[in-house]
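These values consider heavy atoms only, across backbone and side chains, with no hydrogens, waters or symmetry-generated copies. Position 1 is the first residue of the sequence; numbering continues from there.
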Amino acid sequence: MSGFDRVWLNANLATMDGGLGVIEDGAVAVQDGRIAWVGPRAALPVSDAPVTDCGGAWILPGLIDCHTHLVFGANRAGEFEQRLAGATYEQIARAGGGIFSTVRATRAASEEELFVAARPRLEGLLAEGVTTVEIKSGYGLDLETELKMLRVARRLGDAAPVSVATSLLAAHAIPPGHPGGAEAFTDWVVAEAIPAAATAGLADAVDAFCEGIAFSPAQTTRVFEAARAHGLPVKLHADQLSDLGGAALAARFSALSADHLEHANAAGLAAMAAAGTVAVLLPGATYFIREARHPDIAAMRAAGLRMALSTDMNPGSSPARSLLLMLNLGCTLFRLTVEEALLGVTAHAAAALGLADRGRLAVGLRADFATYAVSRPAELCYWIGGNPCTGRVVAGH
């Protein structure tokens with residue numbers, strides 16, 4: 001008789017292990033926070049473990065939101081209203097708006113205020129079946145606030161049943177009037193921000209925004225070299241507004257992921273695939289800013305590049321609070337298949353965070369999964385709005 005802690009049965013499974021991995025009338029058994037058995041219910045070993053009857057629901061691996069800016073001060077709904085009335089981004093920025101309005105609000109907020117504001121954003125994701133979320137800094141652009149944001153991210157992971165991965169995004173933008181401009185600010189990121197975050201154990205990775213309005217490939221290279229020197233993996237906001245070779249740069253450093261990629265060229269995408277770097281697609285930003293250029297999905301498929309999907313939750317370009325909605329947008333805007341989209345929020349999202357212990361229903365992995373009252377997995381991509389999640393299991397609980 002098998003010594004499982006608990007068994008979930010009367011369920012259909014989408015294991016996301018090498019594809020959808022459908023098992024009808026399946027079962028999942030858990031022991032010590034890990035998946036101990038998964039397969040057809042008829043083959044389930046005899047056990048006296050407590051049973052959860054899923055009532056015919058579908059079980060999927062816990063969803064993973066692998067690119068968020070979930071911690072920030074205030075919001076920019078007023079700027080959204082101004083844009084709808086005809087104001088340009090440049091006009092809003094000159095009036096003190098844009099990313100630096102978020103920087104000011106985040107600097108002014110206390111750690112507790114940031115925590116209280118972020119908690120409901122996180123809870124909304126958890127209600128949809130998310131069990132792991134990545135949270136970036138990047139709205140401080142000074143040491144005190146960058147570390148404050150990362151501490152809040154850690155607190156959120158301690159306060160809720162969810163795994164939180166953190167990314168230091170000090171190389172997000174250059175503060176206006178910074179002495180020495182982008183080069184001097186890069187010096188600060190390399191010499192102060194990365195060492196401080198690494199020493200404090202607050203960052204699981206280092207991210208950067210490589211773009212004409214932010215950091216050049218040469219400056220990004222310096223940031224990545226500093227991250228490597230401190231034992232931290234890297235991620236990259238790459239080729240969102242122009243092709244600066246960000247995809248190839250990410251590949252050169254074996255980055256966990258390169259994100260956005262609207263302007264990435266086919267050679268860079270192929271280099272990412274060869275390096276094991278995951279492409280993180282962010283359809284919420286494409287939708288919200290009405291970007292005409294879309295990532296080259298055909299080139300990604302041709303290269304065998306793993307594609308993840310995420311909310312990019314942030315106050316400026318993607319105020320998206322639903323990962324389920326991103327499934328629909330990934331399919332409708334980018335023409336992903338259902339299998340590609342669901343892999344994008346499970347197995348491939350886990351790879352984008354360097355987390356090999358989750359994202360699939362497989363023996364030995366973390367028992368992170370969610371149940372959904374749907375007739376088939378495609379419903380998770382089909383519906384616009386609504387939440388069919390009926391339960392969530394994190395590390396077996």
Side-chain angles (χ1 to χ4, degrees), residues 6-17 20-28 30 33 35 38 51-68 70 118-135 156-157 159-164 283-284 308-311 313 320-331 336 338-350 358-361 365-397:
R6 180 168 286 276
V7 176
W8 283 257
L9 45 69
N10 191 15
N12 301 304
L13 314 181
T15 67
M16 308 316 300
D17 196 10
L20 281 176
V22 169
I23 300 175
E24 296 184 352
D25 193 16
V28 178
V30 169
I35 297 174
V38 59
V51 169
T52 295
D53 186 327
C54 297
W58 280 82
I59 297 179
L60 275 77
L63 305 189
I64 299 171
D65 198 352
C66 63
H67 179 131
T68 85
L70 190 145
R119 184 70 184 265
R121 299 173 198 138
L122 177 63
E123 294 288 355
L125 294 176
L126 305 193
E128 294 187 337
V130 169
T131 55
T132 300
V133 61
E134 184 257 17
I135 301 176
L156 289 167
V162 63
S163 293
V164 171
L309 272 174
S310 186
T311 60
M313 186 192 298
R321 297 174 63 162
S322 169
L323 190 57
L324 292 179
L325 177 58
M326 296 308 104
L327 287 172
N328 180 273
L329 292 182
C331 293
L336 297 181
V338 166
E339 181 175 290
E340 287 171 335
L342 291 174
L343 283 169
V345 297
T346 55
H348 294 172
R358 66 198 70 189
R360 297 172 290 127
L361 299 180
L365 299 193
R366 272 177 60 101
D368 288 358
F369 50 89
T371 57
Y372 295 94
V374 294
S375 62
R376 57 194 296 157
E379 281 197 58
L380 298 177
C381 303
Y382 165 74
W383 291 108
I384 304 174
N387 178 13
C389 183
T390 57
R392 210 171 55 99
V393 177
V394 181
H397 299 289

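For the atom pair Met313 CE and Glu134 CD, the distance stands at 11.5 Å (nearest 0.5 Å). To the nearest 0.5 Å, the span separating CE on Met16 from CZ on Phe369 amounts to 16.0 Å. Taking CG of Leu156 as the start and CG of Leu122 as the end, the distance is 5.5 Å to the nearest 0.5 Å. Atom CG in Leu126 sits 4.5 Å away from atom CZ in Arg392 (nearest 0.5 Å). Atom OG1 in Thr15 sits 6.0 Å away from atom CG in Leu361 (nearest 0.5 Å). Between atom CZ of residue Arg376 and atom OH of residue Tyr382 there is a gap of 11.5 Å, rounded to the nearest 0.5 Å.
Within the 4.5 Å cutoff, side-chain heavy atoms of Val393 are placed close to those of Trp8. No side-chain heavy atom of His397 sits under 4.5 Å from any side-chain heavy atom of Val394. Residues Arg321 and Pro120 are in side-chain contact: their nearest non-hydrogen atoms beyond the backbone lie under 4.5 Å apart. Cys54 places none of its side-chain heavy atoms less than 4.5 Å from the side chain of Leu9. Between Leu380 and Leu342 there is a side-chain heavy-atom pair separated by less than 4.5 Å.
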Could you go through Trp383 and Leu325, starting from their C-alpha distance and side-chain angles, then the distance that decides it, and tell me whether this counts as side-chain contact (heavy atoms from CB on, under 4.5 Å)? CA-CA 8 Å; Trp383 291 108; Leu325 177 58; over 6 Å; no
When you look at Asn12 and Ile23, which way does the side-chain contact (heavy atoms from CB on, under 4.5 Å) test go after all the steps? CA-CA 6 Å; Asn12 301 304; Ile23 300 175; over 6 Å; no
Could you check Arg358 against Thr132 for side chain to side chain donor-acceptor pair (under 3.5 Å), going step by step and ending with a plain yes or no? CA-CA 9 Å; Arg358 66 198 70 189; Thr132 300; 3.0 Å; yes
Dump the intermediate steps for side chain to side chain donor-acceptor pair (under 3.5 Å) on Arg6 and Thr52, then the final yes or no. CA-CA 7 Å; Arg6 180 168 286 276; Thr52 295; 3.0 Å; yes
So Thr131 and Leu63, side-chain contact (heavy atoms from CB on, under 4.5 Å) or not? Walk me through it. CA-CA 6 Å; Thr131 55; Leu63 305 189; over 6 Å; no
Could you walk me through whether Leu60 and Tyr372 pass the side-chain contact (heavy atoms from CB on, under 4.5 Å) test, one step at a time? CA-CA 8 Å; Leu60 275 77; Tyr372 295 94; 4.2 Å; yes
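In terms of heavy atoms, Glu339 sits closest to Leu20 at OE1-N, 3.5 Å. Listed here is the closest heavy atom pair of Leu309 and Gly330: CD2-CA, 4.1 Å. Heavy-atom minimum distance, Pro388 versus Leu324: CD-CD1, 3.9 Å. For the residue pair Thr371 and Ala57, the shortest heavy atom distance occurs at CB-CB, 4.4 Å. The two atoms that bring Ala395 and Asp368 nearest to each other are N-OD1, 2.7 Å, heavy atoms only. Considering every non-hydrogen atom in both Cys389 and Ala127, the closest pair reads CB-O, 3.3 Å.
In the model, Thr311 has no side-chain atom that pairs as donor or acceptor with a side-chain atom of Thr68 under 3.5 Å.
Remark: side-chain polar atoms of Glu340 are not paired, donor with acceptor, to backbone N or O of Leu336 under 3.5 angstrom. A donor-acceptor contact shorter than 3.5 Å is absent between the side chain of Asp65 and the backbone of Val133.
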